[in-house]
Amino acid sequence: MKSYLLRCGIVAVMLVATIRSQEQRSETIQATAFGTATMAGRTFNLTILIEDYSTPADQKALIDAFNKGGHDELVKTLSKMPSKGRVSITGGGVGYQVAYVRNIPTENGRTVRILTDRPINIGEAYASTRSRDYDLSVIELKLSNAKDKSTGTLIPGGRVKMNKEKKEVELETYHAMPWRLAGIMER
């Protein structure tokens with residue numbers, strides 16, 4: 001009987017430790033997006049729920065996919081990755097899943113990079129608009145330890161390409177400039 005209770009106690013402790021470690025990873029970040037250039041004057045609030053971070057194996061899978069088949073293969077691989085969280089317009093519904101999230105420690109805080117396949121709406125698909133080719137969304141948050149110093153950018157539609165002259169990977173955006181993220185709050 002004591003052996004049975006001991007095993008149950010060990011299982012309970014392991015379960016609580018697992019739940020706590022998952023809770024510690026889960027975080028919510030809120031920000032206000034400000035349009036720039038052609039989108040100047042437009043704003044909306046953004047909520048990012050991060051449930052887990054991507055692994056180095058996830059990063060390698062994306063790099064290998066890009067090297068194998070370029071942008072389209074990268075998006076295909078990204079779409080098969082398990083969800084790491086969600087991004088939504090605050091109060092605008094459940095949003096859409098985040099497939100890749102990296103947390104990079106920096107000298108003054110950390111950088112969070114988010115990459116996900118962008119859902120193509122029915123109007124884009126039906127009209128076969130040029131925006132359909134820009135099927136990635138990218139968010140970069142520079143989270144500072146100093147209060148009110150955090151910044152970020154949002155690229156709602158992007159396409160990864162290789163710059164053959166410079167021999168480096170670039171992100172081509174559908175809009176001329178990314179959206180600026182400010183008023184960033186970690187919850």
Side-chain angles (χ1 to χ4, degrees), residues 22-23 25-36 38-39 42-55 57-63 65-66 69-104 110-143 150-161 169-187:
Q22 287 175 347
E23 287 175 348
R25 285 186 168 198
S26 179
E27 63 181 302
T28 301
I29 301 171
Q30 294 178 306
T32 301
F34 293 91
T36 58
T38 59
M39 296 295 178
R42 296 186 182 186
T43 65
F44 62 90
N45 293 322
L46 190 68
T47 301
I48 303 163
L49 172 64
I50 300 171
E51 295 170 344
D52 200 4
Y53 288 100
S54 300
T55 64
D58 294 333
Q59 183 179 18
K60 183 178 181 335
L62 292 175
I63 291 168
F66 182 75
H71 174 84
D72 293 333
E73 191 66 29
L74 178 126
V75 172
K76 184 177 169 184
T77 301
L78 189 66
S79 69
K80 293 178 183 177
M81 289 184 160
S83 177
K84 302 293 184 197
R86 300 200 75 72
V87 174
S88 64
I89 294 174
T90 305
V94 295
Y96 56 99
Q97 81 163 358
V98 170
Y100 182 80
V101 182
R102 288 299 300 238
N103 186 43
I104 304 158
R110 63 192 176 117
T111 298
V112 175
R113 288 195 181 124
I114 300 170
L115 177 67
T116 194
D117 51 330
R118 181 179 72 84
I120 304 298
N121 68 38
I122 190 113
E124 284 178 284
Y126 179 76
S128 192
T129 63
R130 181 173 165 251
S131 64
R132 200 171 73 169
D133 295 333
Y134 296 83
D135 50 1
L136 289 177
S137 291
V138 180
I139 297 172
E140 182 175 78
L141 300 167
K142 294 186 183 287
L143 302 173
S150 296
T151 62
T153 56
L154 163 66
I155 299 171
R159 183 170 183 81
V160 179
K161 67 178 190 171
V169 176
E170 294 179 342
L171 182 67
E172 179 183 348
T173 64
Y174 181 66
H175 294 290
M177 299 292 291
W179 290 68
R180 181 177 60 90
L181 299 178
I184 299 171
M185 296 181 287
E186 298 177 68
R187 307 262 183 209

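What you see is a predicted model; the values in this text were computed from it and never measured.
For the atom pair OG1 (Thr47) and CE (Met185), the distance works out to 8.5 Å, reported to the nearest 0.5 Å. Taking CG from Leu49 and OG1 from Thr28, the interatomic distance works out to 5.0 Å, rounded to the nearest 0.5 Å. The CZ atom of Arg110 sits 11.0 Å away from atom CD1 of Ile104, with the distance rounded to the nearest 0.5 Å.
Here the side chain of Ser54 pairs no donor or acceptor atom with the backbone of Gln59 at under 3.5 angstrom. Remark: side-chain polar atoms of Thr32 are not paired, donor with acceptor, to backbone N or O of Asn45 under 3.5 angstrom.
For the pair Gln30/Leu181, no side-chain contact is recorded, criterion being any heavy-atom separation below 4.5 Å from C-beta on. Taking 4.5 Å as the limit, some side-chain heavy atom of His71 sits within range of a side-chain heavy atom of Asp135. Side-chain atoms of Ile50 and Asn103, non-hydrogen and from C-beta on, never get closer than 4.5 Å to each other.
Residue pairs meeting the side chain to side chain donor-acceptor pair (under 3.5 Å) criterion with at least one partner in residues 77-89, sequence neighbours excluded, are absent.
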Checking Glu140 against Thr151 for the side-chain contact (heavy atoms from CB on, under 4.5 Å) test, could you report, in this order, the C-alpha distance in whole Å, the side-chain angles of both residues, the deciding distance, and whether it holds? CA-CA 9 Å; Glu140 182 175 78; Thr151 62; over 6 Å; no
Before you tell me yes or no, could you show the steps for Val87 and Thr116 under side-chain contact (heavy atoms from CB on, under 4.5 Å), namely the whole-Å CA-CA distance, both residues' side-chain angles and the distance that decides it to 0.1 Å? CA-CA 10 Å; Val87 174; Thr116 194; 5.7 Å; no
From CA spacing to verdict: side-chain contact (heavy atoms from CB on, under 4.5 Å), Leu141, Ile48: CA-CA 11 Å; Leu141 300 167; Ile48 303 163; 3.9 Å; yes
Could you give me the CA-CA distance, side-chain angles and deciding distance for Leu136 and Val75, then say whether side-chain contact (heavy atoms from CB on, under 4.5 Å) is met? CA-CA 7 Å; Leu136 289 177; Val75 172; 3.7 Å; yes
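Asp58 and Met81 make their closest contact through O-CE, 3.3 Å (heavy atoms, listed as atom of the first residue, atom of the second, distance). Contact record, Ile155 with Pro178: CG1-CB, 3.6 Å, taken as the closest heavy-atom pair. Nearest heavy atoms, Trp179 versus Phe34: CE3-C, 3.4 Å. Residues Leu78 and Asp117 approach most closely at CD2-N, 3.5 Å, considering heavy atoms. Ile184 approaches Gly152 most closely through the heavy-atom pair CD1-N, 3.9 Å.
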